Amino acid sequence: MTTTATAPWIYVEKIGGYDGQVVTLKGWLYNKRSSGKLHFLQVRDGTGVIQCVVFKGDVSPEVFELAGGITQESAVMVTGTVKKDDRSPIGFELGVSDVTLVNPAAEYPITPKEHGVAFLMDHRHLWLRSSRQHAIIRIRAEIIRAIRDYFDDNGFTLIDSPIFTPNACEGTSNLFETDYFENKAYLTQSGQLYVEAAAAAFGKVYCFGPTFRAEKSKTRRHLTEFWMVEPEMAYFDLAMDMDLAEDFVCHIVQQVLKHRRAELEVLERDISKLEAIQKPFPRITYDEAIEILRAAGNEDTPWGEDFGGDEETIISQKFDKPVLIHRYPAEIKAFYMKQDPENAKLALNVDMIAPEGYGEIIGGGQREDDLDVLLSKLKTHELPEEAFSWYLDIRKYGSVPHAGFGLGVERTVAWICGLHHVRETIPFPRLMDRLSP
RNA sequence: UCCUCAGUAGCUCAAUGGUAGAGCAUGCGACUGUUAAUCGCAGGGUUGCAAGUUCGAGUCUUGCCUGAGGAGCCA
C-alpha cells in the first residue's frame with residue numbers, strides 16, 4: 001500500500017525506461033487469467049497492454065482476493081516492479097505489489113471471442129478499446145499528422161473552407177440539405193473552389209476537414225462523412241501536380257513505417273508492400289488504362305466512361321505501387337477541369353489508384369484558367385452563372401495556371417492498414433444506414 | 001434502388017416437420033507461468049414481427065422489419 005503513494009505514474013509505452021523500478025500504471029483491465037496462487041492481469045492504459053503478475057506471496061490477502069475478482073474493463077491502478085521478460089510481447093511485465101480498483105465494470109459486452117460487424121458497430125464506443133481498433137486509430141492519427149506536417153513544412157498555408165455551402169454546385173453528387181434560417185444550405189462535398197480562391201491569395205494552400213455526400217452507396221469504399229485534404233497551388237501544371245501527389249503519398253507511408261510499425265504488426269499488415277512505396281509511381285493515360293482492361297479480358301470496355309471499383313482493382317493489380325491515371329475524357333469530369341490543349345476531348349486531370357485493390361485515393365488536376373472557356377463550360381453543365389460569380393473573379397483578376405488534388409483520408413488509412421472496409425478507419429463512422437453511436 | 005444470403009441464450013453458432021443445444025461470457029469451485037489459459041458445477045430462451053399450412057413449425061408458405069455481402073450511384 002505504501003508504494004502506491006510514492007511510485008511514479010508512467011504509461012505502458014514508456015515502460016522500457018523503468019526496468020527494475022517500482023511504478024504505477026493507471027488504466028483498465030483488458031483480460032485476466034488465474035492459476036491458483038497467480039493472477040495474470042492484462043492492463044491497458046491507452047498506450048499499450050502489459051501483463052501484471054499478482055503472486056499470492058507478494059501481496060496482502062486482501063489485494064490478492066481483490067485482483068482475482070476484477071471484471072473485464074474495470075478501471076484499475078496497479079503498482080509494481082518493472083521486469084524484463086522474454087515471454088512478453090512488449091518485453092516487460094509488472095510484478096505487482098498493490099492493486100487499486102478505481103471503478104468496477106459491469107458485464108462487458110465485447111468478449112475475447114468473435115463478434116459480428118453489426119454488433120461491434122452498435123458498440124463502436126467500446127469497440128475502440130480493443131487492440132485492433134486501437135492500432136487503426138493510432139495509424140489514422142499518424143497519417144493525419146504526416147499530412148499536416150508535409151504541407152506546413154513545404155510552404156503551404158492552411159485555409160479552412162466552409163462546411164455550409166449555398167448551392168448544390170457541382171451537379172451530379174447528392175448533398176445533405178439543411179435549414180439555414182430562411183434559406184437552404186448544403187454540407188460541403190469539397191473545399192476545392194474555395195482553395196482555388198485562396199491559392200491566388202497565398203500561392204500554395206491546403207484545406208483539411210470533413211466532407212459530406214448523401215449518396216446511397218453501400219460499398220466498402222464509401223462513407224457519408226469522410227475527411228479530405230485538398231492542396232491547391234498557383235502556377236502549377238498537371239505534371240507538377242502529379243509530382244507533388246507522388247511525393248506526398250510517399251511521405252505519409254514513410255512516416256507510418258517510422259512511427260507506427262508496432263500497430264501495423266498488430267494488424268498483421270504485410271510491411272514489405274508498404275516499403276515498396278517509393279518514387280517514381282507509374283503514370284499512364286486513360287487510353288492506356290483502357291488498353292490494360294481490354295488486354296485483361298474486358299474486351300468490350302468502352303472509351304468514355306469512368307472506371308468502377310472492379311476496373312480500378314484490375315488496373316491496380318498490374319503495379320506494386322500507386323498508379324497515376326491522367327487525361328480522362330473531359331465529358332465525365334467536372335466543369336472546372338482544364339481541357340488538354342493537345343486533345344480537346346481530354347481533361348488535364350489525374351486520379352491516383354492505390355495498390356492491392358484499394359481504389360481511388362486521390363483525384364485532382366489542372367484547373368480551367370480561361371474565363372471564356374469556363375463560362376461556356378458552366379453553360380454545357382447547366383450550372384447557374386450567378387452562383388459562381390465569385391469563382392469566375394479568380395479568372396477575371398490575374399488568372400494563372402493552377403492545379404491541386406484531394407486525398408481521401410479513410411481510403412488511405414484502409415490501404416495502409418490493409419483493411420477490407422473503410423468503416424473501421426474513422427472513430428465513429430457515418431454510413432447510409434448508420435448514424436449512431 | 002436492385003440482386004443474394006441471414007436473423008435461435010449477452011455474443012458466435014448448431015438443431016431430418018416430432019423433448020431448445022454447444023462454445024465463449026457471467027456466478028461458484030480447482031490449479032504457481034497463463035497468453036482467446038485449462039478443468040468441474042450452475043444459472044441463462046416470446047427461435048426478429050405478423051399471419052397461414054399442419055395432429056405438430058426454429059424448420060414449410062406469404063408479407064413486413066433488421067442486418068451482411070455485392071451492384072448501381074458516387075467533381
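Residue numbers start from 1 in every chain, and the chains themselves are labelled A, B, ... in the order their sequence lines are given, proteins ahead of strands. Everything quoted here is computed from the prediction, not taken from an experiment.
Using a 4.0 Å heavy-atom criterion, one finds that A:Ser34 contacts the bases of the nucleic acid, with or without backbone contacts as well. Looking at heavy-atom distances under 4.0 Å, A:His420 makes contact with sugar-phosphate atoms alone, never a base. If you check every strand for non-hydrogen atoms under 4.0 Å, A:Gly57 touches nothing. A:Glu360 comes within 4.0 angstrom of no nucleic acid atom, judged by non-hydrogen atoms across all strands. Within the 4.0 angstrom heavy-atom criterion, no nucleotide atom of any strand lies near A:Met121. If you check every strand for non-hydrogen atoms under 4.0 Å, A:Asp306 touches nothing. A:Lys216 comes within contact range of at least one nucleobase, with a heavy-atom separation under 4.0 Å. Within 4.0 Å (heavy atoms only), A:Lys56 reaches no atom of the nucleic acid at all. Within 4.0 Å of A:Arg434, counting heavy atoms only, lies no atom of the nucleic acid at all.
Counting to the nearest Å, the P atom of B:rA30 and the CD atom of A:Glu65 are 12 Å from each other. The distance between atom CG of A:Asn174 and atom P of B:rC73, rounded to the nearest whole Å, is 13 Å. For the pair A:Glu311 CD and B:rA71 C1', the interatomic distance rounds to 12 Å; values are reported in whole Å.
Comparing B:rA36, B:rC24, B:rU32 by their closest approach to the side chain of A:Arg33 singles out B:rA36.
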For A:Arg87 and A:Gln51, run side-chain hydrogen bond (donor to acceptor under 3.5 Å, both in side chains): C-alpha distance rounded to whole Å, both residues' side-chain angles, the deciding distance at 0.1 Å, then the answer. CA-CA 10 Å; A:Arg87 289 167 290 192; A:Gln51 174 157 282; over 6 Å; no

What's touching nucleotides 27-29 of chain B from the protein side, N or O pairs under 3.5 Å?
none

Side-chain donor-acceptor distances from residues 414-421 of chain A under 3.5 Å, at least two apart:
{"unit_1": "A:His421", "atom_1": "ND1", "unit_2": "A:Arg423", "atom_2": "N", "d": "3.0"}

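For the atom pair CG (A:Leu244) and NZ (A:Lys204), the distance works out to 7.5 Å, reported to the nearest 0.5 Å.
Side chains of A:Tyr336 and A:Glu196: a donor-acceptor N/O pair is absent below 3.5 angstrom, by distance only.
Outside the 6.0 Å centre-distance limit, the rings of A:Phe212 and A:Phe226 are not counted as a close aromatic pair.
With sequence neighbours excluded, the residues satisfying side chain to side chain contact (heavy atoms under 4.5 Å, CB included) with A:His115 are A:Ile110, A:Thr111, A:Phe119, A:Leu120.
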